[in-house]
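For reference, the structure is listed below as structure tokens.
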There are 2 protein chains.
Amino acid sequence: MYIFAKVMYKNTIMKTKVQRLSVLKKIVKTEKVSSQDELLKKLKKEGYQLTQATLSRDLKYLRVGKIPDDRKGYIYKLPGEGKDQEIPVMTNGFPMSGFVSLEFGSGLGIMKTLPGYAGSLASAIDQTRPFEIIGTVAGDDTILIVPRDGASRNAVANALAELFPLLRG
Amino acid sequence: MYIFAKVMYKNTIMKTKVQRLSVLKKIVKTEKVSSQDELLKKLKKEGYQLTQATLSRDLKYLRVGKIPDDRKGYIYKLPGEGKDQEIPVMTNGFPMSGFVSLEFGSGLGIMKTLPGYAGSLASAIDQTRPFEIIGTVAGDDTILIVPRDGASRNAVANALAELFPLLRG
DNA sequence: ATAATAAATGTATATATTTGCAAAAGTAAT
DNA sequence: ATTACTTTTGCAAATATATACATTTATTAT
């Protein structure tokens, strides 16, 4: 009961932060926002209470950059955005492929790939450094995906959907 | 003589700005800089005198963004950087190819491509919006490249080399 | 449980960046 | 050359963002 309480507490609190980061990420990805105050308001609407200072840290943590935009002056952008649409293509010139399936169990994700593809796909995942995933281990046709504490299956799947369009829809 | 003087004048002055932008672009591309004051010093060393306000405008014009960096906190980054290395791959999944040659004449650039490739390659050029190039016109196997006033052939060629590695070396 | 340690956050402030406005410089037309 | 128009730039002020420090909240070890 005592230990259980601690764990519960941890989950409750940590989830709030991870959720906040997820929501922040989603906002930055889907909307054109040009200041932290603006972001702050949007986060408030979603039910997150925080100060500009914390937001600044969150943005840094998520590696969110600020770039010039034709319409809004400056907007925030996730790392690799714009690159994302081309990410399904691997650097070596071969189209990203080999993905077979994704399942979750015991708090972990298991991605199945075509034989021999696990290494390169895991490498691709690592390179994009989705914050929902703290690490991967690849065999020959299987990748073990370790989610960050508090990251939901959906959050992990969504992060992976950036790389593997098959996961969408 | 009178007209000539005006033209000379224009070239002299405009070149200064275009050159400055080129140098700025080069600095941002090759060094990790984390503030405009820092950039200002580097530009001064290269012989360019300007205020921080102008630099801010230059950065906006060049679409230079600022992103978090592990070592230096925040650094400036050119649009599409990091994407550049993957740019030789087209969105449709086919490797970027079809480039044949590049020549200059009458202040214009002429790029030859494989038959039928001009459109897609010109589109790729337009999408990266190199500031040295104000526009392109594509036929079937030829692209007309219109450089910005004051942009040297080298500057244009370098900008294009980002997309067409064949142009390097 | 308590004390010690580490992590997250807010407050206030320092830094950094953008922008309105006016002046200077460049261009075009008469 | 003079005038009208456009572009570029600096100055100063407004905004926006990062960070040192203190405080609270969580985690670990005893």
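Chain naming here is simple, since letters A, B, ... match the order of the sequence lines and numbering starts at 1 in each. Note that the structure is a prediction, hence the values are computed from the model and not measured.
When rounded to the nearest whole Å, the span between OH of A:Tyr76 and P of C:dT17 equals 12 Å. When the C1' atom of C:dG10 is taken as reference, atom CG of A:Leu40 falls 12 Å away, rounded to whole Å. The nearest whole Å value for the distance from the CG atom in B:Leu39 to the P atom in C:dT17 is 9 Å. In this structure, the NZ atom of B:Lys44 is 11 Å from the P atom of D:dG10, given to the nearest Å. Between the CZ atom of A:Arg20 and the C1' atom of C:dA8 there is a distance of 8 Å, given to the nearest Å. As a whole-Å value, the separation of B:Gln49 CD from D:dT9 P is 12 Å.
Not one side-chain nitrogen or oxygen of A:Lys17 sits closer than 4.0 Å to the OP1 or OP2 atom of D:dA26. A close approach under 4.0 Å does not occur between any side-chain nitrogen or oxygen of A:Tyr61 and OP1 or OP2 of C:dA7. Contact annotation: A:Arg57 side-chain N/O to D:dA20 OP1/OP2 distance is not under 4.0 Å.
Under the 4.5 Å side-chain contact rule for hydrophobic residues, B:Val64 and B:Leu40 share a cluster.
Paired with A:Lys26 under the rule salt bridge (charged side-chain N to carboxylate O under 4.0 Å, His left out), one option of A:Glu31, A:Glu132, A:Glu46 passes, and it is A:Glu46.
With contacts defined as side-chain heavy-atom distances shorter than 4.5 Å, the pair A:Phe99/A:Lys112 does not qualify. You'll find the side chain of B:Leu102 reaches within 4.5 Å of the side chain of B:Leu160, heavy atoms only.
For the pair B:Lys17 and B:Tyr61, the cation-pi criterion (under 6.0 Å, within 45° of the ring axis) is fulfilled.
Summary of the strand contacts: B:Asp58 and A:Thr54 both lie near DNA chain D, and taking for each the nucleotide with the nearest heavy atom, the more 5' one is attributed to B:Asp58.
Here B:Ser35 lies in heavy-atom contact (under 4.0 Å) with sugar-phosphate atoms only. Residue-level contact check: B:Leu50 touches the backbone only, with heavy atoms under 4.0 Å from sugar-phosphate atoms and none from bases.
For the atom pair CG (A:Leu50) and CZ (A:Arg57), the distance works out to 10.5 Å, reported to the nearest 0.5 Å.
Clustering of Ile, Leu, Val, Met, Phe, Trp and Tyr side chains at separations under 4.5 Å places A:Ile67 together with A:Ile75.
The base of D:dA18 is paired with the side chain of A:Gln52 by a donor and an acceptor separated by under 3.5 Å.
Contacts of residues 62-74 of chain A with DNA chain D (heavy atom under 4.0 Å): A:Lys66.
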